[in-house]
Amino acid sequence: MPSSTEIRQQFIDFFCKKYAHTNIASSPVVPHDDPTLLFANAGMNQFKPYFLGQEKPPHKRVANTQKCIRAGGKHNDLDDVGKDTYHHTFFEMLGNWSFGDYFKKDAIAWAWELLTEVWKLDKTRLHVTVFEGDPANGIPRDDEAAGYWEAVGVPKAQIHLGNKKDNFWEMGNTGPCGPCTEVHIDRTPDKTGGPLVNGGTDKVIEIWNLVFIQFNRNEDQSLSPLPAQHVDTGMGFERICSVLQGKNSNYDTDVFTPIFDAIQKVTSTNEKPTPPYTGILEDLKDTAYRVIGDHIRTLTFALTDGAVIGNLGRDYVLKRILRRAERYGVQVLGTHEPFLYKLVSTVVDSFGDAFPELKRDPQKVRDIIYDEEVAFLRTLTRGIKLFDKIRADMAKTGRTQVSGEEAFKLHDTYGVIIDITLQMAQEKGLTVDVAGFETVMLEAQKRSSEGGKKFAVTAVKGELPPTDDSPKYQFAPVQAKVVGWVKDHEVVRSGKLTAGEEVALLLDRTNFYGEQGGQVGDMGNVRGANGTDFDVHDTQRLGDTVLHVGILHEGELAIGDTVELIQGTMRRVDIMRNHTATHLLNLILRQVLGSHVEQRGSLVDEQKTRFDFAHDKPIPPEQLREIERRVNRQVVMDQPVTAIEMPLAKAKELPGVRAVFGEKYPDPVRVVMIGAESPDKVHHDNSVEFCGGTHMPRTGLVGFFKIVAQEGVAKGIRRITAITGKPAYDDIQNRNAVVEELAGSFQCLIDELPKRVAGLQDEVKKLQTQLKKLEAAQLTGVVDKLLEEAPTVGGAKLIVAQLPAGTNPDAVRTQIDRIRQKTSAFIVFGWTEDEGKVPLIAALTNDLVKKGMKSGDIVKQVAAVVGGSGGGKPDMAQAGGKDAAKLPDALKKATELGRELLSK
């Protein structure tokens, strides 16, 4: 039985060694240069320019294994993963391609040879499908492909007709496409699976798809013939492994067994070992193995290729994938801590030889996954408990559908995305009101865009009690009493809170920092007796009152209850690091840019410091580097950071003291000094600021300081955004990796890169000049032919034509000038550009202008046909439209106008 590694190599060797194909490395699974795709979802994605005739392929025959992800977008297998034996979000696609070389006959013959002679598959179990035709688009039935299958020995009874859904392949809503023929294998015991072809069963499955690319699907959904005919075949690597290894499931092959072994290991504890994978579809534990095994491959490959986890587009797809896997770990396998990141090494070990990029920086991938797991686990367990409570309440009333409001609360408060709610509901025989969820989601997004999610402290009705927040500069938990809360903008001083209520909790004392002075508020937990847990997601200050904004997850809270306050320590430390760096930046900006620099605002949170200051021009790169260098010198010196309270008048006398313009400070005022442990030791080179925020005790704990952006925010105001600590270190590592990769590509030392890049820029400029000359020469030939063939009407040439897409307008004007020097002419040119734009230019020779004709009038009427407008001088005018599909109609209108005007 061949291993998966051997199967992959046998495929490549068959085409490359026997039939002269070139083995091309897989493209990244993240198509950064193709906005039409979330992920590379087929082997042909990287060859799209060849199929469209935009680039000339360096090889006419190619074979490889391509990394693919089908999750989100038109091709989406995410919802099916775990439920059957053969769906995956990440998979490999073995493929061979012909770019204008061989076509149907050879593609079919070689496929049959590999399957039946090299891999010795039973011919009587192989069925093929061919396209039944599409009269609406003028595409006949593919009898040619059927004939070639018969020629290699496939009986007619094993050749089936397939519809457009199954046998006409398209990469997306637009792009290369064509009829295809598929090979299916019959896994039924008695070989009676013929009627099950394309039936969506694992008893007869597709193993190879041979696409004959002949067309391009245009924006208007019409089909255009491609410049040359191509072949694109795709064989699911995981599926062919299951066939050749005699397994009924892709998940039973050695593609997945090492990952499943690792899942069992990392999820087991001494007290509760995880049972092994047994391959049962109805067993939720085995479903968890399949989902986790699939999803960790997707995450590892995508993050390696430059994807990130976030809230938009492909970033959000990856967040969904990670959270689905994490939920199975927690709820089904019983994990209580991050575990997915531990599986990255197994994926790298299993696939690193075939895809060496996996070995480049696996620690970075592990860190990204770990951080996301930690963030999700903070709320997942509570979300599961809320779902169980919802389910229990539903059982009491006989309700079987989770409401849209309930699903949204799980999503918004606990990060339980709708996919997970649907899964949990399905596992319990329930449904979810997805339409209701989407309605509530849209309403929430509207409210957020109008006013954000921040608690409206300024709209509170009632008397707020003062809060003693003197412990806010310490980390240790503190005891406090509940004195009330704010709900629906009103102060409540009696009663009790129950689980699920969202309020701003009022306490007699706190160690939480309330947002002020540019520093965001703390997050953390307020815990009471019997497991009561109030999750604080924001802390704000209103006058002398601190408001702990959050949700009561567990238990009850009543006025007078004693509670314990626990800060989110790691987040607090990150904020402190960034705040201390902000003070250093303020000092260094004055040293480097001048004494005119004055703070105009700041935002300090756990991710960054954002500092606004008075300065009237962009900061050049060399000064930015100097600012970074000096700040990091202060960090390396590990100077003490000291905070004291002083009478305001005395504090204002300190050398170099800084305060925010227009800010009112209390008396006494808190002064934060860096490099001086007492007021008498302060000098002008020290950072001295009035500040009520939290700071690191020494500058060395900032770790590292890195500026990531500068911008203008108003006239005379600049903004610098910077990061510190591990994010700053990671940023440097990423930049260094890019530089090293560039040096490798240029085959030079890093120090030689600037010279090499400058040389490349010169070459590019020369090439651009040559291309412009070539385009001009080509356009000259086109226009000369148009002039030669143009009819003469009323003594003038009538020249109306569609020029090649993307034509340079300046080049068009040059050609018009050439025509006008040769003959009397009525000219209208149009062409298409990206995003369906339609430029139009109309021009007249002077003799026609003297007769009263106006180019502006002509171009306006023509442009109206393509949904545009324009104008200009009598001898030349231009316009733009937005309906490229109607350009032929617009040019027809131009021809009619020309004949009408010239005939007068």
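Note that this is a predicted model, so its numbers are computed, not measured. Positions are given from 1 along the sequence.
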For the pair N209 (side chain) and E182 (backbone), establish whether a donor and an acceptor sit closer than 3.5 Å, ignoring hydrogens and angles. no

Inspect the contact between D101 and R61 and indicate whether a charged nitrogen and a carboxylate oxygen are less than 4.0 angstrom apart. yes

Value rounded to 0.5 Å, distance of CG in L196 from NE2 in H184: 11.5 Å

Please check if any side-chain donor atom of T233 sits under 3.5 Å from a side-chain acceptor atom of W208, or the reverse. yes

Would you say E132 and N167 are linked by a side-chain donor-acceptor pair, where the criterion is simply a distance under 3.5 Å? no

Would the distance check show the side chain of Q245 and the main-chain N or O of P2 forming a donor-acceptor pair, the cut-off being under 3.5 Å? yes

Does R217 reach the main-chain N or O of L223 with its side chain, forming a donor-acceptor pair under 3.5 Å? no

No-hydrogen, no-angle side-chain donor-acceptor test under 3.5 Å, H88 and Y251: yes

Please round to the nearest 0.5 Å and tell me the distance separating atom CG of L299 and atom OH of Y341. 15.0 Å

Would you kindly say whether R187 and T201 are connected by a side-chain donor-acceptor distance under 3.5 Å? no

Can you list the residues that meet the side-chain hydrogen bond (donor to acceptor under 3.5 Å, both in side chains) rule with K247, with sequence neighbours excluded? none

Mark yes or no for whether E6, through its side chain, and S3, through its backbone, hold a donor-acceptor pair below 3.5 Å. yes

Report yes or no: does D186 contribute a side-chain atom to a donor-acceptor pair with the main-chain N or O of R125 at less than 3.5 Å? no

Residues H21, Y102; criterion ring pair (Phe, Tyr, Trp, His ring centres under 6.0 Å); working and verdict: CA-CA 11 Å; H21 288 60; Y102 62 86; 5.5 Å; yes

Using a strict cut-off of less than 4.0 Å between a Lys/Arg side-chain nitrogen and an Asp/Glu carboxylate oxygen, indicate whether D419 and R323 qualify as a salt bridge. no

Taking D294 for its side chain and T89 for its backbone only, find out whether a donor-acceptor pair lies under 3.5 Å. yes

Can you check whether Q423 reaches K428 side chain to side chain, under 4.5 Å on heavy atoms? no

Side-chain H-bond candidate by donor/acceptor type, Q10 with W119, under 3.5 Å: yes

Cationic N near anionic O, under 4.0 Å, K359 to D353: yes

Answer yes or no: is there an ion pair linking E113 with K18, defined by an N-O contact shorter than 4.0 Å? yes

Does the distance from a Lys or Arg side-chain N to an Asp or Glu carboxylate O, for R290 and D84, drop under 4.0 Å? no

Just do the side chain to side chain donor-acceptor pair (under 3.5 Å) check on T304 and E357 with the steps written out, would you? CA-CA 7 Å; T304 294; E357 61 272 17; over 6 Å; no

Would you find a donor on one side and an acceptor on the other, under 3.5 Å apart, between the side chain of N163 and the backbone of D166? yes

Between Q66 and S26, does any side-chain donor sit less than 3.5 Å from a side-chain acceptor? yes

Pairwise side-chain contact, C177 with F168, heavy-atom cut-off 4.5 Å (strictly under): yes

Does the salt bridge (Lys or Arg N to Asp or Glu O under 4.0 Å) test come out yes or no for D142 and K104, once each step is laid out? CA-CA 10 Å; D142 199 353; K104 295 180 182 180; 2.8 Å; yes

Interatomic spacing from NZ in K83 to CD in E282 - rounded to 0.5 Å: 13.5 Å

Find out whether V183 and E206 are in side-chain contact, i.e. whether some heavy atom of one side chain is under 4.5 Å from a heavy atom of the other. no

Would you kindly check if the NZ (Lys) or CZ (Arg) of R8 is within the cone defined by 45 degrees around the ring axis of F237 and under 6.0 Å from the six-membered ring centre? yes

Side-chain (T287) to main-chain (D283) donor-acceptor, under 3.5 angstrom: yes

Is a side-chain donor or acceptor of D286 paired with a backbone partner of Y277 at a separation under 3.5 angstrom? no

Restricting to ring pair (Phe, Tyr, Trp, His ring centres under 6.0 Å), what partner residues turn up for Y19, sequence neighbours left out? F14, W110

Could you give the distance from OH (Y370) to CZ (F339), rounded to the nearest 0.5 Å? 14.0 Å

Going through the checks in order, is the side chain to side chain donor-acceptor pair (under 3.5 Å) test met by T278 and K285? CA-CA 9 Å; T278 52; K285 172 261 299 177; 3.1 Å; yes

Answer with yes or no whether the side chains of T274 and T267 bring together a donor and an acceptor at under 3.5 Å. yes

Salt bridge (Lys or Arg N to Asp or Glu O under 4.0 Å) involving E337 - partner list, sequence neighbours excluded: K342

If we count only N and O atoms by modelled type, under 3.5 Å, do the side chains of D367 and Q363 hold a donor and an acceptor together? yes

Should R327 and E373 count as an ion pair when the cut-off is N to O under 4.0 Å? no

Taking T181 for the side chain and T129 for the main chain, is one N or O donor matched with an acceptor at less than 3.5 Å? yes

Are H230 and Y50 close enough that their ring centers fall under 6.0 Å? no

Are side-chain N/O atoms of T116 and K123 paired as donor and acceptor at under 3.5 Å? no

